[in-house]
Structure formats: structure tokens, C-alpha cells
Amino acid sequence: MFKTLLLAVDVNAPDGAARSAEAAFSMARAEGATLHLLNVVPDTGMAIVGASMAADSMKNALAAAQSELDGWAKAKVPEDVTYKVHVAEGTVYDQIIRTAEALDVDAIIVGAHRPELKDYLMGPNAARVARHATQSVFVVR
């Protein structure tokens with residue numbers, strides 16, 4: 001049913017990815033699917049903020065994120081799971097959806113922290129991905 005999966009991983013909170021990663025590994029094994037791992041580096045937001053940063057700051061941030069995700073994958077992804085690593089820059093939920101479309105994945109796996117009153121049922125990024133993605137979305141708490 002699912003031949004390609006996308007797991008969103010926040011390398012700044014790798015422990016928070018543990019439950020969603022285990023679900024993704026299990027799905028990948030069961031389906032014989034390729035697992036795409038994605039980390040999104042938030043952009044600077046406003047032009048004035050970006051202008052005040054060094055010219056290669058984002059390039060360095062993306063390289064660091066790539067290195068962190070590579071290390072996380074080598075340490076956490078089981079040997080029997082085929083995976084590929086991706087890093088994107090931008091708004092988290094938007095880049096998850098765009099990457100899922102570009103890779104033509106069948107399902108997206110995202111983690112959601114324990115809800116607070118302001119979040120209602122799930123975090124804002126997970127909620128937006130679930131609402132707007134054309135693929136099946138699995139939200140793991």
C-alpha cells in the first residue's frame with residue numbers, strides 16, 4: 001500500500017522524534033517501503049532579519065542540519081530499512097508538504113507533542129500537514 005514514506009525529523013529535538021521514528025520504521029518494514037527522512041531549517045522570516053545575518057549563515061545552517069540528520073539516521077534507522085536523507089529550508093509544514101509532493105510519497109509521518117489548550121488536538125505543524133497534504137498523514141504522539 002505504501003511504497004514511499006516521509007518522516008519529518010527535528011534534529012534540534014531528536015528525542016522527540018523517537019515515537020514517530022519507531023512508527024515509521026515499523027511501517028517501512030511492513031510495507032517494504034523506502035523511508036525519506038526530512039529536516040526543515042526554518043528560514044529567517046523577514047528580509048530585515050536575513051539582511052542582518054552573514055551571507056553564508058543559511059548555507060552553514062543547512063550543512064549543519066544535513067550532518068546532524070545523517071548522524072541521527074546512522075544511529076537510529078535499523079539496517080533493514082532503506083532510507084534517504086533530505087534537508088529543506090522554509091516553513092516547516094510547507095516544506096513537509098512540498099517535499100512529499102516532490103518525492104511522490106504515499107504517506108507522511110509526523111510527530112506531535114502533547115497538546116496544550118492552545119493546540120487543541122495536535123501541534124500547529126502537524127495539524128497543517130494533516131489538513132493540507134494530499135497523502136495519508138500519520139500523526140504520532
Side-chain angles (χ1 to χ4, degrees), residues 1-54 56-141:
M1 183 173 186
F2 302 119
K3 293 300 172 198
T4 54
L5 304 169
L6 176 66
L7 171 64
V9 178
D10 182 355
V11 296
N12 293 316
D15 293 336
R19 290 180 58 86
S20 57
E22 284 304 316
F25 301 155
S26 179
M27 288 176 68
R29 278 191 195 110
E31 300 287 336
T34 298
L35 180 62
H36 293 273
L37 307 172
L38 172 67
N39 179 246
V40 180
V41 177
D43 58 14
T44 56
M46 299 184 325
I48 194 167
V49 175
S52 67
M53 297 173 63
D56 59 352
S57 293
M58 186 52 71
K59 181 176 150 186
N60 292 340
L62 290 168
Q66 181 76 44
S67 177
E68 287 287 325
L69 188 55
D70 285 338
W72 183 89
K74 286 177 183 159
K76 302 291 184 183
V77 179
E79 290 182 17
D80 61 341
V81 173
T82 302
Y83 71 92
K84 297 179 182 175
V85 176
H86 309 273
V87 174
E89 171 194 353
T91 305
V92 174
Y93 66 87
D94 184 53
Q95 290 303 315
I96 292 171
I97 292 168
R98 286 176 186 259
T99 301
E101 290 294 327
L103 296 172
D104 195 27
V105 301
D106 300 312
I108 302 169
I109 301 102
V110 294
H113 56 78
R114 295 285 177 207
E116 297 174 14
L117 182 60
K118 67 178 182 169
D119 295 328
Y120 269 41
L121 298 175
M122 62 184 98
N125 285 315
R128 287 181 176 131
V129 170
R131 242 187 339 262
H132 298 291
T134 59
Q135 301 84 356
S136 294
V137 178
F138 295 88
V139 180
V140 182
R141 289 195 194 279

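Worth saying up front: this structure is predicted, and the values here are computed from it rather than measured. Along the sequence shown, the residues carry numbers beginning at 1.
Scored by the side-chain contact (heavy atoms from CB on, under 4.5 Å) test, Arg98 finds Asp94, Gln95 as partners (sequence neighbours excluded).
Smallest separation of non-hydrogen atoms from Val9 and Ala17: CG1-CB, 4.2 Å. Heavy-atom minimum distance, Ile108 versus Ala100: CD1-CB, 3.6 Å. Closest approach of Ala133 and Ile97 over heavy atoms only: N-CD1, 4.1 Å. Contact between Val40 and Gly90 at its shortest, heavy atoms only, is CG1-O, 3.5 Å. The heavy-atom pair separating Ala28 from Leu35 by the smallest distance is CB-CB, 4.4 Å.
Rounding to the nearest 0.5 angstrom, the gap separating the NE2 atom in His86 from the CG atom in Leu38 is 7.5 Å. Taking NZ from Lys3 and CG from Asp104, the interatomic distance works out to 14.0 Å, rounded to the nearest 0.5 Å. Separating the NZ atom in Lys74 from the OH atom in Tyr83 is a distance of 6.5 Å, to the nearest 0.5 Å. Rounding to the nearest 0.5 Å places CD1 of Ile109 at 4.5 Å from CE of Met27. Separating the CD atom in Gln135 from the CG atom in Leu103 is a distance of 9.5 Å, to the nearest 0.5 Å. Here OG of Ser67 is found 12.5 Å from CG of Leu62. Values are rounded to the nearest 0.5 Å.
Relative ring orientation between Phe138 and Phe2 is described as perpendicular, the plane-to-plane angle rising above 60° on a 0-90° scale split at 30° and 60°.
Between Leu6 and Leu37, the closest side-chain pair of non-hydrogen atoms is not below 4.5 Å.
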What's the verdict on side-chain contact (heavy atoms from CB on, under 4.5 Å) for Val110 and Asn125, showing C-alpha distance, side-chain angles and the deciding distance?
CA-CA 9 Å; Val110 294; Asn125 285 315; over 6 Å; no
Evaluate the side-chain contact (heavy atoms from CB on, under 4.5 Å) criterion for residues Glu101 and Thr134: first the C-alpha distance (whole Å), next the side-chain angles of each, then the deciding distance (0.1 Å), finally the verdict.
CA-CA 8 Å; Glu101 290 294 327; Thr134 59; 2.6 Å; yes
In sequence, state the C-alpha distance, the side-chain angles, and the governing distance for His36 and Leu7, and then conclude on side-chain contact (heavy atoms from CB on, under 4.5 Å).
CA-CA 6 Å; His36 293 273; Leu7 171 64; over 6 Å; no
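Listed by first then second residue, pairs satisfying side chain to side chain donor-acceptor pair (under 3.5 Å) with a partner in residues 20-35 read Arg29-Asp80, not counting sequence neighbours.
Remark: side-chain polar atoms of Asn39 are not paired, donor with acceptor, to backbone N or O of Leu69 under 3.5 angstrom. Remark: side-chain polar atoms of Asp106 are paired, donor with acceptor, to backbone N or O of Thr4 under 3.5 angstrom.
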